[in-house]
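Written below as structure tokens is the structure these notes are about.
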Protein chains: 2
Amino acid sequence: MDAMTDTNAIERRSLHLELVERIRPLIVESQLNPGDKVPEKVLCERFGVSRTPMREALKVLAAEGLVRLEPNRGAWVTLVTVEEVEEVFPVLGALEALSGELACTNIADAEISHIRRLHDQMMDSYRDRNLVDYFKTNQEIHRAILLAAKNQSLTNTCQALSARMQRARYAANLSEERWADAVAEHEQIIRSLEARNGRELGQILRQHMKNKQESVLKWLRKTNTDQESECAGPGQQC
Amino acid sequence: MDAMTDTNAIERRSLHLELVERIRPLIVESQLNPGDKVPEKVLCERFGVSRTPMREALKVLAAEGLVRLEPNRGAWVTLVTVEEVEEVFPVLGALEALSGELACTNIADAEISHIRRLHDQMMDSYRDRNLVDYFKTNQEIHRAILLAAKNQSLTNTCQALSARMQRARYAANLSEERWADAVAEHEQIIRSLEARNGRELGQILRQHMKNKQESVLKWLRKTNTDQESECAGPGQQC
DNA sequence: AGATTACATTTTGAATTCATAATTAAGTCA
DNA sequence: TGACTTAATTATGAATTCAAAATGTAATCT
């Protein structure tokens with residue numbers, strides 16, 4: 001009776017949700033830069049919608065922490081601040097640790113082999129010093145572990161926080177030394193996962209996140225210093 | 001130069017945020033019951049606003065998981081399901097553990113004495129078997145530890161998830177046995193906190209949350225069985 | 001020139017309006 | 001009576017409108 005148990009419900013979507021899901025990547029992938037004003041009118045024209053659903057979408061994105069609403073002045077893409085990084089990464093660390101623990105309990109063998117393939121692929125990218133591919137596969141691995149935990153609330157919470165941290169090209173910062181360390185950590189990750197040692201995987205993932213935090217902070221401090229003179233305008237979050 | 005460094009900015013609020021913060025407690029404190037339709041028109045009249053800011057508020061509450069929007073059919077207060085409890089509590093456990101660890105590092109002595117007073121007060125309520133006061137003080141203690149962690153992102157994330165779990169009177173379910181166990185756990189909590197043993201406090205808080213999950217699940221299963229015949233309407237999340 | 005005011009323009013917040021979808025009520029027929 | 005249509009009512013989604021606030025520009029004065 002698969003035909004009955006399958007979800008056949010016709011997917012009906014509201015305009016504002018559609019907008020949220022289209023604008024979010026614009027922010028995460030830095031089409032809209034941190035600190036920029038969100039051009040409400042321009043986006044309305046671009047997506048061919050009126051201001052009502054657009055403003056609803058901006059309110060949701062504000063709740064997610066991706067934009068900041070100033071009453072009577074509009075919406076701005078939030079900046080990634082040092083303080084925010086120092087707050088969010090420990091939370092992400094605790095959540096990734098949990099995802100590792102849960103994954104080891106709930107993951108299927110096929111999923112493990114899939115992650116193993118991603119891991120090997122990432123190692124190829126490392127050998128070629130192909131930073132773009134490395135980062136892409138890296139993200140896929142972490143996401144696969146998260147999904148293997150089979151906990152929707154965990155997935156949602158992690159993704160919301162990750163989105164706030166991810167908007168920027170941290171890749172540019174990865175030093176040769178940090179890169180080598182990260183690779184070593186990933187060797188441990190795949191080993192623990194294949195051994196289904198949840199406790200261990202959790203601890204490694206948390207340490208991995210701590211190291212990433214340092215890497216991001218280094219990049220952030222450098223970027224801020226570089227642009228010190230630029231963003232002196234009033235009303236900005238400098 | 002305190003006058004300059006202080007934040008004197010006049011707090012300006014938007015209507016939709018005001019509504020979010022007024023409707024949220026209606027849901028968390030079960031003025032609006034899980035499964036109920038959110039009466040958009042009634043709420044608009046009650047708060048004296050038009051539908052636009054009300055609908056913006058509902059979209060934010062939907063993003064928080066407190067209401068569910070069905071396209072063309074309106075908003076419904078989300079139900080607390082067994083599946084959701086089994087997902088959210090482990091996440092809350094990991095986050096409370098983190099809050100314990102961070103609190104032990106960042107808490108001021110004055111805050112510890114404050115929590116000690118709350119703890120003693122809660123023990124009085126326990127001796128009197130005053131469940132209402134016990135629960136109130138209990139929540140204050142957990143909140144105080146969370147705030148002592150001095151991590152806004154952690155606070156926000158925890159509160160959002162707690163809100164989803166808290167809407168209902170779980171208190172009614174607390175068995176004499178579980179109550180005694182919970183009290184014993186709280187003795188450990190205050191002891192670890194005063195010793196500033198973060199690792200230990202984290203572990204206890206996580207176990208405490210695991211036990212609370214079981215308690216809530218017991219209540220939930222009982223409630224669901226009791227009301228089995230009632231909520232058979234279509235479109236409900238039964 | 002540089003600061004200050006007055007005015008025009010633009011942007012924003014929120015109410016209103018309008019088309020469409022969903023629900024309810026009434027009517028029809030087996 | 002009870003299932004099925006069809007029409008009336010209501011609720012919803014989104015565009016439009018309008019007042020208020022913010023911003024930009026020109027004129028004025030020291």
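The sequence lines fix the lettering, A, B, ..., with proteins before strands; numbering per chain opens at 1.
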Under 3.5 Å, is there a donor-acceptor pair between the side chain of A:Ser99 and the main chain of A:Ala149? no
Sequence neighbours excluded, which residues qualify as side chain to side chain contact (heavy atoms under 4.5 Å, CB included) partners of B:Thr105? none
Tell me, yes or no, whether the heavy-atom count around B:Arg143 atom CZ, taken from other residues, nucleotides or ligands under 6.0 Å, exceeds 12. no
Whole angstroms only, please: what is the CH2-C1' distance between A:Trp76 and C:dT11? 11 Å
Rounded distance (Å) that lies between atom P of C:dG13 and atom CE of A:Met54: 14 Å
Nucleic acid footprint by protein, nucleotides 9-18 of chain D - heavy-atom cut-off 4.0 Å, B for base, S for sugar-phosphate alone: --SBBSBBB-
In short, A:Glu111 meets A:Asn106 closest at the heavy-atom pair OE1-O, 4.4 Å
Show the numbers, then the answer: is there a salt bridge (charged side-chain N to carboxylate O under 4.0 Å, His left out) between B:Glu96 and B:Lys212? CA-CA 13 Å; B:Glu96 276 238 0; B:Lys212 188 175 179 188; over 6 Å; no
